[in-house]
Number of protein chains: 2
Amino acid sequence: MGTTQLETVPEPKYWHLKTVLSEALDTEFTVGEILPNERDLAARFGVARATLRQALEQLELEGRLQRRRGVGTTVAPPRVGVAVGTEQHVWPGAAGDDWQPVDCALEVPPAAVAAALETGAEQNVHLVRRSRTTHGQPVAAELLYIAQSAVPDLSAIDAPAGAARARAVLRELQRLELEGQESAVELGSARADDARQLDRLPGAPVLVVTTRYIAEGRTAAVSVATYRADTCRLTFGDSGGVEIHQGPERRAS
Amino acid sequence: MGTTQLETVPEPKYWHLKTVLSEALDTEFTVGEILPNERDLAARFGVARATLRQALEQLELEGRLQRRRGVGTTVAPPRVGVAVGTEQHVWPGAAGDDWQPVDCALEVPPAAVAAALETGAEQNVHLVRRSRTTHGQPVAAELLYIAQSAVPDLSAIDAPAGAARARAVLRELQRLELEGQESAVELGSARADDARQLDRLPGAPVLVVTTRYIAEGRTAAVSVATYRADTCRLTFGDSGGVEIHQGPERRAS
DNA sequence: AAGTGGTCTAGACCACTGA
DNA sequence: CAGTGGTCTAGACCACTTG
């Protein structure tokens, strides 16, 4: 029962509930442990299930919980840091990156991508699909649009389709000199296909990283990478990231 | 009525609703326009208000809508790109950044920050509060922790408190040579005080950017900046960002 | 005071997982 | 199959903004 303060608080119940649960997670649970089910928890705190769910949703958004339909709610491990903007710029597909080519096709890109690539409307570009995993868990799905002019030597690309063709296109890309790259991060929600790749439900919160790769003074490729927002911390800079703000939120005074 | 497909779809109503609304926003509304209120909209689509709200919540998360209690729901402008990791690293408070010092105090930092700064537990550091605005709108609130050893010359800092003291501390910081910085981005939810600064309700989704500033081989300062996730696109790189993925989500095939 | 979005309830049924 | 989280309903009241 949340009998701590009940009269004088204009604070929403779900907010208070979230705080209580958050503290309980720190002190009484270990990573991977299963929580009681939502109906029991709601009853225990004397609130409707919807209210309890509102608190759980926020905790999941903050990466503290993991919920899976048909299974239950578990305590999530700390977010994993994934490097997305290394100091030394490199082409996608360079040796040592942890992306897995999935597919490759010629397609008409979305208007915004077409504008960046300076291709005409309705004009095909290479579309390479890749997925990224760390520690065996899928963390990101990517759509990589490559101007046809950036990979002109199609004769070297004989694979008709699939991952083999994707690898061939990326290999050709390495021949260009990469002059720069710039990225942007924003919040989005997973489309149905991304959600499937990321092992989440559609609409799950994701961090969308769009990157322009610049060569020969033009944008040679555009990447739209979709990262699981619940499990990932995106790091920019030289090292693999610093352990700040990863766990329970503590504040000075 | 959502009479389009009703029998064979296991697609959730709110998801379908979101799609319909999203298309309507593209074609029938202009930025800043007010939508009908939630009760009317729900009735118009033949769903419960809670279901309608689930769709609106997602659209707000994606930066398509803006909702304000007591006012209404409006069509949001495209997200504004804010630069958070320039190529040439600079100290916070350097000339030309668009942060506004608010406050300054000596406080014991959270454990994770203390570890990064390599200060002992319970040891005070400078805590500078700043806020960032673009186009007159508040976009971020920052807590900037600065090791006392990084600003030893306290005699130059005579302002007792407030923004003046913050500026003085930052000015002293510029004397050090900045050797590097590294950042991480993750999803969070606004605490009560951040929410007030950002003109949002507590729990609103935010992008938390934590940055380590390195000088003399040590971490001299740590910044925890909280950006409004609904209105901001964080850009990393040389330019101010590229117009990709900013608007309605269009896809090839 | 009227109208808005925000919170909350007590139910119901569905989709999925695992034994 | 039983148990889980996900969706949905039809109400109610509250907090806030604006005229």
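A note on names: the letters A, B, ... follow the listed sequences, proteins ahead of strands, and every chain is numbered from 1.
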- Annotated protein contacts, base or backbone, on nucleotides 11-19 of chain C with a non-hydrogen cut-off under 4.0 Å, one of B, S, - each: -BB-BBB--
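- For B:Leu52 and D:dT7, the CG to P distance is 16 Å, given to the nearest whole Å.
- The aromatic rings of A:Tyr227 and A:Trp99 sit perpendicular, their planes meeting at an angle over 60°, well past the 30° parallel limit.
- Here the P atom of nucleotide D:dG3 and the CG atom of A:Leu41 are 17 Å apart, to the nearest Å.
- In this structure, A:Glu57 places its CD atom 8 Å from P of D:dG6, rounding to the nearest Å.
- A donor-acceptor pair is defined here as one N or O able to donate and one able to accept, closer than 3.5 Å; such a pair exists between the side chain of B:Arg228 and the backbone of B:Leu198.
- Remark: P of C:dG5 and CG of B:Leu65 are 11 Å apart, rounded to the nearest angstrom.
- Classification of A:Arg68 and A:Asp199 as a salt-bridged pair holds, one side-chain N sitting under 4.0 Å from a carboxylate O.
- Between C:dC8, D:dC8, C:dT9, one nucleotide has an atom nearer to the side chain of A:Gln54 than all others, and that is C:dC8.
- Within the 3.5 Å criterion, the main-chain N or O of B:Asp103 finds no donor-acceptor partner in the side chain of B:Arg165.
- The nucleotide whose nearest atom lies closest to any side-chain atom of A:Lys13 is, among C:dT9, C:dG6, D:dG6, C:dT9.
- Between B:Thr51 and D:dT7 there is no side-chain N or O to OP1 or OP2 distance below 4.0 Å.
- Distance, B:Asp40 CG to C:dT4 P: 7 Å, rounded to whole Å.
- Screening A:Arg130, A:Arg129, A:Gln100 against A:Glu142 for a side chain to side chain donor-acceptor pair (under 3.5 Å) leaves a single residue, A:Arg130.
- With distances taken from any side-chain atom of A:Arg67 to the nucleotides D:dT9, C:dG5, D:dG6, the minimum falls on D:dG6.
- For the pair B:Arg53 and A:Ala48, both in contact range of DNA chain C, the more 5′-proximal nearest nucleotide belongs to B:Arg53.
- The shortest distance between the side-chain N/O atoms of A:Tyr14 and the OP1/OP2 oxygens of C:dT7 is below 4.0 Å.
- Between B:Lys13 and B:Phe45 there is no side-chain heavy-atom pair separated by less than 4.5 Å.
- For the pair B:Phe45 CZ and D:dA10 P, the interatomic distance rounds to 17 Å; values are reported in whole Å.
- As rounded to whole Å, 13 Å separates atom P of C:dG5 from atom CZ of B:Arg200.
- Between the CD atom of B:Glu60 and the C1' atom of C:dG5 there is a distance of 10 Å, rounded to whole Å.
- Side-chain atoms of A:Glu60 come within 3.5 Å of backbone N or O of A:Arg67 as a donor-acceptor pair.
- Residue contacts shown for A:Leu56 are absent, as no nucleic acid heavy atom lies under 4.0 Å away.
- Phosphate proximity of C:dG3 to B:Asn37: absent, as no side-chain N or O sits under 4.0 Å from OP1 or OP2.
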